[in-house]
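Whatever order the structure lists ligands and atoms in, that order sets their numbers, starting from 1.
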Amino acid sequence: MDFDLVIRNGTVATASDVFKADVGVKGGTVAALGSGLAAGREEIDAEGLLVLPGGVDGHVHFDQPTGDESVMADDFLSGTRSAAFGGTTTVLPFACQQKGQSLRAAVEDYHRRAAGKPLIDYAFHLIVTDPTEQVLGQELPALIRDGYTSFKIYMTYDALKLNDRQILEVLDIARSEGAMVMMHAENADCIAWLTERLERAGQTAPFFHGVSRPRVAEREATHRAISLAELVDVPILIVHVSGADAVEQIRWAQGRGLRIYAETCPQYLFLTADDLGGAGGDAGFEGAKCICSPPPRDAANQRVIWDGLTGGTFQLFSSDHAPFRFDGPGGKKVNGEKAPFRCVPNGIPGVETRLPLLFSEGVMKGRMELTKFVELTSTNPACMYGLHPRKGTIAVGSDADIAIWDPARKVTITNAILHHEVDYTPYEGIEVTGWPVVTLSRGEVVCRDGALLASPGRGAFLPCGLPAPARPKGAPAPALPF
Ligand code: URP
Ligand code: ZN
Ligand code: ZN
Ligand code: ZN
């Protein structure tokens with residue numbers, strides 16, 4: 001036997017090419033691509049199916065303590081299970097520093113949380129909330145060298161946010177160490193001021209969450225993030241971009257030659273402010289299911305996000321899976337069924353539906369090429385976080401992380417068919433065409449036709465390399481596809 005596994009007669013797609021080929025797997029990596037490959041110990045017939053690099057979801061939250069009574073529903077087992085059933089083979093959850101905590105202690109805590117659980121490979125982004133001298137001078141540089149080469153910083157949320165001076169200090173470390181900085185760009189004071197006014201007026205239904213976080217608050221913070229990055233001369237990634245105003249700032253920066261990267265998420269293509277319920281609160285508390293930050297906008301903004309995805313403004317399409325139950329413990333109702341929006345946990349689930357939604361509405365509806373789909377959902381995230389070419393492509397030598405898709409399968413998304421521990425999906429009832437039918441991680445079948453075939457703990461922790469896109473201007477240009 002030449003191969004451990006041969007995937008035969010499928011149509012392989014990468015970020016650059018679509019071609020008919022057999023894929024030979026040996027020792028967990030792709031050993032050959034070609035026609036008429038020799039026999040494998042195991043064979044999968046992929047005639048009529050697409051053979052894609054497994055998704056790389058560069059933005060998920062698993063088992064992250066929130067600092068209050070709310071509790072995330074997914075841990076590293078259920079979160080990676082849901083990811084795998086949705087065609088994703090690598091996830092990058094966050095290891096969040098609590099204020100006063102050492103960054104190293106935060107990382108160790110998350111490794112304990114993950115221990116024995118992941119079904120697929122994973123890496124960590126750090127969240128830096130307390131950039132003390134010790135953190136900036138020693139812990140962060142040391143962690144970057146240990147393979148934690150990306151981190152997120154926040155411009156909003158009291159427990160997480162940094163001021164501009166702190167942001168500059170942190171960006172400076174990223175520049176000198178070659179790390180990628182992800183920025184949550186919303187203006188905290190605008191949001192706090194609006195929230196107080198809304199509460200005084202009794203406007204506290206879920207709908208007003210969106211009103212309290214208007215596009216201008218995102219636009220201002222996006223512009224400020226870009227300016228701070230320009231001052232330090234370091235690339236940054238603006239995460240979960242929701243609409244036209246932030247997109248305009250990002251295009252302006254990109255047009256000036258700055259290395260500003262951008263990520264968007266399914267909620268900004270498939271949800272609108274209407275999904276947060278009615279202004280009178282008469283739609284009840286249902287709208288809390290769609291409370292996330294930044295909030296979903298409207299149809300016109302959805303169109304701008306689509307244009308940004310197909311036209312090159314966005315490099316990444318991630319889920320921002322932030323799993324809170326609706327009814328269950330620690331969920332959206334943790335502070336009561338009529339809690340003001342300020343007291344509702346922020347975030348929505350989506351790690352399993354990310355790829356099917358974009359595949360169906362993007363590729364099958366002719367909005368984007370299959371190569372673009374692979375680029376946005378797998379190859380670029382792998383590059384952005386220093387995991388390419390081990391992850392994010394199907395090439396000789398790459399890990400055999402593969403999702404086999406049936407492009408003709410019609411599926412109606414309901415929470416009953418999903419594999420997370422959340423008790424709802426915001427995408428209930430949406431019919432999609434195309435679904436991943438087999439997911440392989442390093443050549444092992446993780447799930448096939450709805451059955452889970454892998455054991456918890458088989459997923460490996462991935463130390464990340466220094467991301468090529470994080471190199472400052474003047475340094476050699478990053479590798480393709482950037
Ligand atoms: O509302 C959201 N997106 N919650 C998750 C945390 C974050 O800011 O990404
Ligand atoms: Zn965020
Ligand atoms: Zn997030
Ligand atoms: Zn690359």
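For a distance bound of 2.8 Å, the N, O or S atoms of His184 include none lying that close to the Zn ion (ligand 3). Under 2.8 Å from the Zn ion (ligand 2) lies no N/O/S atom of Val239, from backbone or side chain alike. The Zn ion (ligand 3) has His61 among its coordinating residues (N/O/S atom, backbone or side chain, under 2.8 Å).
Of all atoms in ligand 1, listed by their number and element, those nearer than 4.0 Å to a heavy atom of Asp320 are 2 (C), 3 (N), 5 (C), 9 (O). Of all atoms in ligand 1, numbered sequentially from 1 with element shown, those under 4.0 Å from a heavy atom of His240 are 7 (C), 8 (O), 9 (O). Per-residue contacts place Lys152 under 4.0 angstrom from the following atoms of ligand 1 (heavy atoms of the residue considered): 7 (C), 8 (O), 9 (O). Distances below 4.0 Å separate heavy atoms of His59 from the following atoms of ligand 1: 9 (O). When each atom of ligand 1 is checked for a heavy atom of His184 under 4.0 Å away, the hits are 8 (O). In the vicinity of Ser293, heavy-atom distances shorter than 4.0 Å reach the ligand 1 atoms 1 (O), 2 (C), 3 (N). Residue Cys292 has at least one heavy-atom neighbour below 4.0 Å for each of these atoms of ligand 1: 1 (O). Listed by number with element, the atoms of ligand 1 under 4.0 Å from a non-hydrogen atom of Ala322 are 5 (C).
By the neighbour-count criterion of 12 heavy atoms within 6.0 Å, atom CD of Glu248 is sparsely surrounded, having that number or fewer from other residues, nucleotides or ligands. Within 6.0 Å of atom NZ in Lys338, 12 or fewer heavy atoms from other residues, nucleotides or ligands are found, so the atom counts as exposed in its surroundings. A 6.0 Å sphere centred on CD of Glu69 holds no more than 12 heavy atoms belonging to other residues, nucleotides or ligands.
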- Starting from the C-alpha separation in whole Å, work towards a yes-or-no answer on salt bridge (charged side-chain N to carboxylate O under 4.0 Å, His left out) for Asp146 and Arg104. CA-CA 11 Å; Asp146 287 350; Arg104 181 68 73 174; 2.9 Å; yes
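Classification of the Phe124-Phe76 ring pair by plane angle, with boundaries at 30° and 60°, yields perpendicular.
The shortest contact between atom 4 (N) of ligand 1 and any protein heavy atom is with Asn346 O, 3.4 Å.
No donor-acceptor distance shorter than 3.5 angstrom exists from the side chain of Ser82 to the backbone of Gly79, with no hydrogens or angles considered.
His240 contributes atom NE2 as its closest N/O/S atom to the Zn ion (ligand 2). When the Zn ion (ligand 3) is compared with the N/O/S atoms of Asp320, atom OD1 turns out nearest.
Ring centroids of Phe85 and His419 are separated by less than 6.0 Å, placing the two rings close together.
Salt bridge Asp307/Arg303: absent, no basic N to carboxylate O contact under 4.0 Å.
A cation-pi geometry, defined here as NZ or CZ lying under 6.0 Å from the six-membered ring centre and within 45° of its normal, holds between Arg213 and Tyr157.
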